[in-house]
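To start, the structure itself, in structure tokens.
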Number of protein chains: 2
Amino acid sequence: MLTQKAKYGLKALLMLAQQEPGEFTLVAEIAARQKLPRKYLELILLELRKQGFLHSQRGKNGGFRLAKRPDEITFGQIIRVLDGPLAPFPCASLTGYRKCEDCTDEQVCAVRKQMRRVRDAMAAILDSTTLADAAAEGLAQEGPADPVPAIALA
Amino acid sequence: MLTQKAKYGLKALLMLAQQEPGEFTLVAEIAARQKLPRKYLELILLELRKQGFLHSQRGKNGGFRLAKRPDEITFGQIIRVLDGPLAPFPCASLTGYRKCEDCTDEQVCAVRKQMRRVRDAMAAILDSTTLADAAAEGLAQEGPADPVPAIALA
DNA sequence: ATTTTCCCTAGCGATTGACTAGAGAATACG
DNA sequence: CGTATTCTCTAGTCAATCGCTAGGGAAAAT
């Protein structure tokens, strides 16, 4: 499970991805339009700015805008910044690896092996889905073709 | 991220899946062999028993054993019982659906759409991987053939 | 009856999640 | 210049959850 923080961040960025490029949007407006708590959203956007996803400007006509093109920002990047590693367990993570205290032989741990597969599946989707992709798919009424070819078997 | 609880549960069940069918194993022995906190593990096994995964017996020669065959118990089932829904957000869950407070139009929510895809990918793996599968794969030195054919693209 | 083992309820300390408050600094504008 | 606007930053709060531990109760075997 991801946190509200990640959800709010994703929603905000996705909204900004649909603004005119270069145009600034107020935190207050994002919060209002997306029904998110304003002060909390401020913190989140600040964090995203520090990580290079957003550019901001103060004072009148200020606000936030994307610091990159929407097709350069992936869901995976955003989630990792706001919520940490994707993997179900730290021992199965690439970006946030940490070994289990209880694991005697990690090379053989069957649980870890399966969780690595889960991580890979999640990363395959989230690291290849950009804000642009999601925005486009959101607009399509009923997407017939799937950009990422199914999820393999069942 | 999953909790320790789910990890402990998976490890314990996986160990029981490798015992002689019908044979009881003590909580104390599982805890020792897997290096898990004994009292906490008790709670977890109790929960798994109440959910029908384990059979237990008290007194001398007692202990726990699987209540089903290892190929009838999936990772998905276990995780859902111990940690709740797989989906990144409740609004993207099938088994534990709950709508977002902030979502105005759920049918169009692009975040939800992507998270649904992630959920599906996770479920495809976890609901098709049984204790028997994991135990078998664990024994293989270096599995050349993947039971679930890759994770689709990159 | 006694030992073994699971069964069950309680509780607890630390962390984290999900925020809110409020002052400070930059920017625009009249 | 001054004032309104808007982001920036640090704190703090409150409740829930995680990750356990404690300890007695009940069933089974001997």
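The chains referred to below are lettered A, B, ... by the order of the sequence lines, with proteins before strands, and numbering in each begins at 1. Everything quoted here is computed from the prediction, not taken from an experiment.
- In this structure, B:Y40 atom OH and C:dC12 atom C1' are separated by 14 Å, rounded to whole Å.
- Distances from the side chain of B:L26 to the nucleotides D:dC7, C:dT5, C:dC29 place C:dT5 closest.
- Residue contacts shown for B:K7 are absent, as no nucleic acid heavy atom lies under 4.0 Å away.
- For D:dT5, neither phosphate oxygen OP1 nor OP2 lies less than 4.0 angstrom from any side-chain nitrogen or oxygen of A:Q57.
- Separating the CZ atom of B:F64 from the C1' atom of C:dC7 is a distance of 9 Å, rounded to the nearest angstrom.
- For B:T3 and B:D83, the side-chain atoms include at least one donor-acceptor pair closer than 3.5 Å.
- Counting only heavy atoms from C-beta on, A:E42 has its side chain closest to D:dT8 among C:dC19, D:dT6, D:dT8.
- Between A:R49 and D:dC9, a side-chain N or O to OP1/OP2 separation shorter than 4.0 Å is present.
- At a threshold of 4.0 Å, the pair A:K35-B:E101 does not count as salt-bridged, since none of the basic side-chain nitrogens sits closer than that to a carboxylate oxygen.
- D:dC20 atom P lies 12 Å from atom NZ of B:K5, rounded to whole Å.
- Residue A:L82 contributes atom CG, which lies 16 Å from atom P of C:dT16 at whole-angstrom precision.
- An OP1 or OP2 oxygen of D:dT8 is reached within less than 4.0 angstrom by a side-chain nitrogen or oxygen of A:S56.
- Side-chain atoms of B:Q77 and B:Q51 form no donor-acceptor pair, as typed in the model, at a separation below 3.5 Å.
- Distance CZ (B:F24) to P (D:dA27): 17 Å, rounded to an integer number of Å.
- Taking side-chain N and O atoms only, B:R38 has no distance below 4.0 Å to OP1 or OP2 of C:dT5.
- The local environment of CD in B:E20 is sparse, with at most 12 non-hydrogen atoms from other residues, nucleotides or ligands closer than 6.0 Å.
- Summary of the strand contacts: A:L46 and B:Q4 both lie near DNA chain D, and taking for each the nucleotide with the nearest heavy atom, the more 5' one is attributed to A:L46.
- Here C:dC6 presents its C1' atom at 6 Å from CZ of B:R58, a figure rounded to the nearest Å.
- A:N61 has its CG atom 19 Å from the P atom of C:dA26, to the nearest Å.
- Checking D:dC9, C:dC6, C:dT4 against the side-chain heavy atoms of B:K60 singles out C:dT4 as nearest.
- In this structure, of C:dA23, C:dC19, C:dT4, it is C:dA23 that holds the atom nearest to the side chain of A:K39.
- The nearest whole Å value for the distance from the CG atom in A:L43 to the C1' atom in D:dG12 is 12 Å.
- Proximity of A:Y8 to the phosphate of C:dC19: a side-chain N or O atom is located under 4.0 Å from OP1 or OP2.
- Using cut-offs of 30° and 60° for the angle between ring planes, the A:Y8 and A:Y40 rings count as perpendicular.
- Between A:T3 and A:G59, the residue whose closest nucleotide on DNA chain C is further toward the 5' end is A:T3.
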